[in-house]
Amino acid sequence: MKELINWLADPIRSFPIFTVLFILMMKYYRVVGTKKFAWGFTIISIPVVLWFATDPNFWLIITWPDNIPISILIVAILFFTWFSLYRCAVNDQRLDDGLCPEEALPENREKVWCWPNLVYTELFAIIAGTIFLIVWAIIFKAPLEEPANPTWAPNPAKAPWYFLGLQEMLVYFDPWMAGVVLPGLVVVGLIAIPYIDTNPKGNGYFTYKERPIAIWGFMFGWLVLWIYLIIVGTFLRGPNWTFYGPFEYWDFHKVVSEYNVNLSEFLWVKWLNTSMPSNLIMREMLGIVLTGLYMFVLPPLIAASNFGKSIIEKTGQIRYYIYITLLLVMMSLPIKMVLRWLFSLKYIIALPEWELNL
Amino acid sequence: MSEVKQHLNRREFFSYLSVAWITFSAACAGLLTLAFRFSYPNVNFEPEMEFLAGTPSDYEEGVDERWKNGFGVWMVKQEGKLVALSNICTHLGCIPTWMPAELKFKCPCHGSGYYMNGINFEGPAPRPLERYKIGMTPEGKIKVDKTKIYRYEKGQWDHPNSFIQV
């Protein structure tokens, strides 16, 4: 059983499993978003978690001081995801019945003063947060390590927990892509949401059925591409950034046979059986063409489809192209990950001479 | 006819103004210089860029780690060539570990792997490790100069300064 879970936890398998679970959860949100489901899930998960915790290797990983916040984070994410789906399910049922959303009921529209209601709550939140942090700092000591040494790195060298998703992304990309362009676009894209998405539906109340595209786009990026990667980076990456299952001992010498190949090598050496052309652009032609097709030909094609037409109708051309570009850049991450797992593909465009790799 | 004595005439006003501006600019420039100087450390703990690395007979076939902690250099002797390999991963600049059993360098940050000769083969590293300039002094000592690097993908590993024949 433990072997099976170790085997399943490998990103090659756990990523599709997680994606399918995510799709099922979103599709059957009216089943997931019930109190009955939440209680059932909690009752089943408690013995499962206890059984997991009896394994010494798993216990070691989750009780490592750096990893405790992520365990808390997972529980909090589960709860808040369920909670929003629950509120969505309730409201969507009301909307189906021709009623107004819960938040629009007269008793929920009542207004209170900022002072003292909000300010007092904030004061208590500040005090509670401070006490929590002090107790935390007393119980879990911050590990003091030796002075920094430019010729030595700890193994595994892990980023702070909130950056572990980024670090996991970096395994599949060149640093300027996963370290600069993609996080930059994440921030820019999140800032741009209110300007791209001017649909007033869902403002001030929970709903799913009125905003499926927005919710799917955001939740996929958030849960599958960010939280999942943090979990993998935290719990399942050991020395040398090798993958270790949740019950696996962190053996420094675990051998993973891996040999990554660039797309240009696939094209010239494997498929065409010739040597690599000396001209750099010629050498990377296929990758450049594919990237160009993906980034510049796909958006107009999608625009001609029913999906694209409906978005353009609602938002206009400029908003559509910004939206679809951001979406395609986001989807490039899972595409690249799957290509790496299936074909050991290193880079689609590999121009190390120009420090440019995609 | 105005009896009021003007304190300053036009010419005096401009000369005072010039003095004031020059003083102000000089003070600002001085402050900026101080701030600029402050951003440079008084003591630099970074390894020396040039060092003498013994004689060629000191090295056995394979990877030698004796200069790794002090200078960030692996001496790799292979197929009659001795090279000074940089210990900075070409992916994001972490410090890989030499794994003698697996005969490879493995980066702890994102799992890039390199063969003993520095060629990348696994993980995200886009290009091989860099070689430093290596040469012999007249006294027969090896001298490694880290200010000059030789990159494989640019065809610089054939350069006579990128290795020494042993």
Side-chain angles (χ1 to χ4, degrees), chain A residues 147-159 163-164 166-180 233 237-243 252-262 276 278 280 283 336-337 340 344-347 349-358, chain B residues 41 44-49 51 65-74 85-115 118-130 132 146 151-156:
Chain A
N149 178 351
T151 61
W152 179 83
N155 192 3
K158 288 206 178 186
F163 278 152
L164 279 169
L166 272 183
Q167 193 174 356
E168 185 61 25
M169 250 160 79
L170 276 160
V171 173
Y172 305 98
F173 284 100
D174 195 55
W176 71 266
M177 189 69 189
V180 180
R237 291 289 187 178
N240 299 325
W241 210 250
T242 308
F243 171 79
F252 182 81
H253 291 286
K254 177 177 178 180
V255 177
V256 181
S257 57
E258 194 188 358
Y259 186 87
N260 292 334
V261 182
N262 290 324
M276 307 268 278
S278 55
L280 299 182
R283 190 184 76 195
K336 186 80 194 289
M337 282 159 59
R340 171 71 63 85
S344 295
L345 179 82
K346 187 189 280 173
Y347 290 118
I349 301 176
L351 286 167
E353 295 87 349
W354 298 350
E355 317 285 347
L356 183 83
N357 305 286
L358 277 177
Chain B
N44 193 347
F45 293 104
E46 282 185 16
E48 292 283 328
M49 293 305 278
F51 63 98
E65 293 208 277
R66 75 182 78 177
W67 307 109
K68 192 218 161 196
N69 285 336
F71 298 97
V73 171
W74 281 303
L85 213 55
S86 152
N87 80 341
I88 295 169
C89 179
T90 54
H91 178 233
L92 208 54
C94 285
I95 312 296
T97 328
W98 167 241
M99 301 175 78
E102 289 84 358
L103 287 178
K104 66 180 181 183
F105 301 105
K106 188 82 177 151
C107 183
C109 288
H110 307 94
S112 299
Y114 306 84
Y115 293 127
I119 305 282
N120 55 321
F121 71 100
E122 64 180 356
R127 55 197 181 84
L129 293 172
E130 289 163 358
Y132 292 127
K146 287 167 63 184
R151 287 168 55 166
Y152 170 81
E153 72 280 6
K154 292 189 174 173
Q156 293 168 331

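Heavy atoms of B/Cys107 lying under 4.5 Å from chain A belong exclusively to its backbone. Using a 4.5 Å cut-off between heavy atoms, A/Asn240 contacts chain B through both its backbone and its side chain. Heavy-atom distances place no part of A/Pro239 under 4.5 Å from chain B, backbone and side chain included. The contact between B/Asn87 and chain A is made entirely by side chain atoms (from C-beta outward), counting heavy-atom distances below 4.5 Å.
For the pair B/Arg127 and A/Pro352, the tightest heavy-atom approach, listed with the atom from each and the gap, is CB-CB, 3.8 Å. Scanning all heavy atoms of the two residues, the minimum distance from A/Glu353 to B/Lys154 falls at O-CE, 3.9 Å.
Chosen from B/Gly93, B/Gly123, B/Pro96, B/Cys94, the residue pairing most often with chain A at heavy-atom distances under 4.5 Å is B/Gly123. For the set A/Ala153, A/Pro156, A/Gly238, A/Pro175, the entry with the most heavy-atom pairs within less than 4.5 Å of chain B is A/Pro175. Of all the listed residues (B/Pro124, B/Gly72, B/Gly111, B/Gly113), the one sharing the greatest number of non-hydrogen pairs under 4.5 Å with chain A is B/Pro124.
For B/Tyr152, the OH atom is loosely surrounded, since the number of other residues' heavy atoms within 6.0 Å does not exceed 12. The number of heavy atoms from other shown groups lying within 6.0 Å of CZ (A/Phe163) does not exceed 12.
Note that the CG atom of B/Leu92 and the CH2 atom of A/Trp176 stand 14.0 Å from one another [nearest 0.5 Å]. The CD atom of B/Glu153 sits 10.5 Å away from atom CG of A/Leu280, with the distance rounded to the nearest 0.5 Å. For the atom pair CH2 of A/Trp241 and NZ of B/Lys106, the computed distance is 12.0 Å after rounding to the nearest 0.5 Å.
Of the candidates A/Met169, A/Gln167, A/Arg237, B/His110 forms a side chain to side chain contact (heavy atoms under 4.5 Å, CB included) with just one, namely A/Gln167.
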